[in-house]
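Here's the structure, in structure tokens; my notes come after.
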Amino acid sequence: MTTSSSERGVSLGMPELPAPAYPDDVRARLETDAREIIARYPDSRSALLPLLHLVQSEEGHVTRTGMRFCADVLGLTTAEVTAVATFYTMYRRRPSGDYQVGVCTNTLCAVMGGDAIFEELQEHLGVGNGETTDDGKVTLEHIECNAACDFAPVVMVNWEFFDNQTPSSAKRLVDDLRAGRPVTPTRGAPLCTFKDTARILAGFPDERDGAVESGGSAGPASLVGLKLAKGEASAARVVHPRGEAARTGAPHDPSPTEHLSSHDAPQDTSASDPAHPAGPAAEEGE
């Protein structure tokens, strides 16, 4: 005996209808912008990423209508466009706020306070990860490393940096955003809305006064390696004060088996203890 899909509690439903088209005036404007973007590339389909930013700047997220538009102007299928739009997290798939507030929760930012910031912002705003406040101003999300570890913990708003944050400073930040008060990033260009940011990412010039001239730089910790490579700084070495050197202050060159960090605790290993169960360490190549 067989059972029908309705008896099994399965709803087959109706096929999803094609996405509606943009109004004629909107489509004409977007087509003009799209032609400018496509002209930058020898192969038109290479323009898909900036085109997705373009349609995101129209509605604040990538809609089915936006993906249909991209497919039409590039001669692709909507499936091909959808595969790309759903792969990258920078393309929003549902309505989001004017300000995307991202809290870095990768290892260094997390242990420096990023986890605490994210938890307190969720409670303060009354939203979860990827959710938007009722006023449509702020979308909160945890994000991956922003290559700003020397400023940890870092919060980003529409991809602009707010460095060395604390739970209290982050809460003031989102309160100012929601109230419409001026907010200045730690470094980089002045803040603009997410739609404006998306249009800039599509490759159109930022015409705000002073925006192009504004910039940021790496912090001192990030620049140490560059200075070492250029010979502008000498490498510092910290070793355990052991034996005679500890008493007299005489220079000491550590052997390969010594710990180079003063925070490491000496441990019996096969390299330092011939009686270790792993056996004595052998020279390389033996």
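The hydrophobic cluster containing L140 does not contain M156, counting ILVMFWY residues as joined when their side-chain heavy atoms lie under 4.5 angstrom apart, directly or transitively. M90 and V157 fall into different hydrophobic clusters, where Ile, Leu, Val, Met, Phe, Trp and Tyr residues are linked whenever their side-chain heavy atoms come under 4.5 Å apart, directly or through other members. V62 and I200 are members of different hydrophobic clusters when ILVMFWY side chains are connected at heavy-atom separations under 4.5 Å. Cluster membership for L191 and I143, using ILVMFWY side-chain heavy atoms within less than 4.5 angstrom, is not shared. Taken together through direct or relayed side-chain contacts under 4.5 Å among Ile, Leu, Val, Met, Phe, Trp and Tyr, V55 and Y41 form part of one hydrophobic cluster.
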Practice item. Evaluate the criterion side chain to side chain contact (heavy atoms under 4.5 Å, CB included) for residue pair C70 and L52; output intermediate values, then yes/no. Key: CA-CA 7 Å; C70 292; L52 286 170; 4.0 Å; yes
Exercise for review: Would you check, one step at a time, whether the test side chain to side chain contact (heavy atoms under 4.5 Å, CB included) holds for T132 with R92?
Suggested key: CA-CA 12 Å; T132 303; R92 312 304 183 193; over 6 Å; no
Practice item. Step by step, work out the ring pair (Phe, Tyr, Trp, His ring centres under 6.0 Å) result for H53 and Y91. Key: CA-CA 7 Å; H53 282 299; Y91 301 121; 4.8 Å; yes
Practice item. Determine, stepwise, if the pair W159 / L201 fulfils side chain to side chain contact (heavy atoms under 4.5 Å, CB included). Key: CA-CA 11 Å; W159 309 122; L201 291 174; 4.1 Å; yes
Exercise for review: Apply the test side chain to side chain contact (heavy atoms under 4.5 Å, CB included) to residues F151 and N146: give CA-CA distance (whole Å), side-chain angles for both, the deciding distance (0.1 Å), then the verdict.
Suggested key: CA-CA 10 Å; F151 296 108; N146 290 287; over 6 Å; no
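The shortest non-hydrogen separation linking Y22 to G66 is OH-CA, 3.2 Å. Here the closest heavy-atom approach between residue A34 and residue F69 is recorded as CB-CZ, 4.1 Å. Of all the heavy atoms in A19 and R64, the pair that sits closest is N-NH2, 3.2 Å. Scanning both residues, N129 and Q122, for their nearest heavy atoms gives N-OE1, 3.7 Å. Taking every heavy atom of both residues into account, G114 and T105 meet most closely at O-CG2, 4.3 Å. Taking both residues in full, the closest heavy atoms of C109 and V154 are given as SG-N, 3.4 Å, listed atom of the first, atom of the second, then distance.
Side chains of I38 and L74 form a contact here, defined as non-hydrogen atoms less than 4.5 Å apart. Using a 4.5 Å cut-off on side-chain heavy atoms (C-beta onward), R68 and D72 make contact. Taking 4.5 Å as the limit, every side-chain heavy atom of V101 sits out of range of all side-chain heavy atoms of F162. Residues E131 and T139 are not in side-chain contact: their nearest non-hydrogen atoms beyond the backbone lie 4.5 Å or more apart.
A distance of 12.0 Å separates CZ of R199 from SG of C192, quoted to the nearest 0.5 Å. Note that the NZ atom of K195 and the CD atom of Q56 stand 10.5 Å from one another [nearest 0.5 Å]. The distance from the OG1 atom of T107 to the CE atom of M112 is 13.0 Å, given to the nearest 0.5 Å. The distance from the CG atom of D196 to the CG atom of N158 is 9.0 Å, given to the nearest 0.5 Å. Going from atom CG of L108 over to atom SG of C145 covers 8.5 Å, rounded to the nearest 0.5 Å. Taken from OG1 in T197 to CD in Q100, the straight-line distance is 9.0 Å, to the nearest 0.5 Å.
In R94, the CZ atom is not crowded: 12 or fewer heavy atoms of neighbouring residues, nucleotides or ligands sit closer than 6.0 Å. Atom CG of D24 is surrounded by 12 or fewer heavy atoms from other residues, nucleotides or ligands within 6.0 Å.
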Please set out all donor-acceptor pairs under 3.5 angstrom arising from side-chain atoms of residues 165-185, sequence neighbours excluded.
| unit_1 | atom_1 | unit_2 | atom_2 | d |
| --- | --- | --- | --- | --- |
| Q165 | OE1 | S169 | OG | 3.0 |
| Q165 | NE2 | D163 | O | 3.0 |
| T166 | OG1 | S168 | OG | 3.1 |
| T166 | OG1 | S169 | N | 3.1 |
| T166 | OG1 | S169 | OG | 3.2 |
| S169 | OG | T166 | N | 2.8 |
| S169 | OG | T166 | O | 3.1 |
| K171 | NZ | E120 | OE1 | 3.0 |
| D175 | OD1 | H124 | NE2 | 2.8 |
| D175 | OD2 | H124 | NE2 | 3.3 |
| D176 | OD1 | R181 | NE | 2.6 |
| D176 | OD1 | R181 | NH2 | 3.0 |
| R178 | NE | D135 | OD2 | 2.9 |
| R178 | NH2 | D135 | OD2 | 3.3 |

Could you go through residues 81-89 and list every donor-acceptor pair under 3.5 Å that involves a side-chain atom there, pairing it with any protein atom two or more places apart or in another chain?
| unit_1 | atom_1 | unit_2 | atom_2 | d |
| --- | --- | --- | --- | --- |
| T82 | OG1 | T78 | O | 2.7 |
| T86 | OG1 | T82 | O | 2.7 |
| T86 | OG1 | A83 | O | 3.4 |

Side-chain donor/acceptor pairs under 3.5 Å, residues 42-51, sequence neighbours excluded:
| unit_1 | atom_1 | unit_2 | atom_2 | d |
| --- | --- | --- | --- | --- |
| D43 | OD1 | R45 | N | 3.3 |
| S46 | OG | D43 | O | 3.4 |

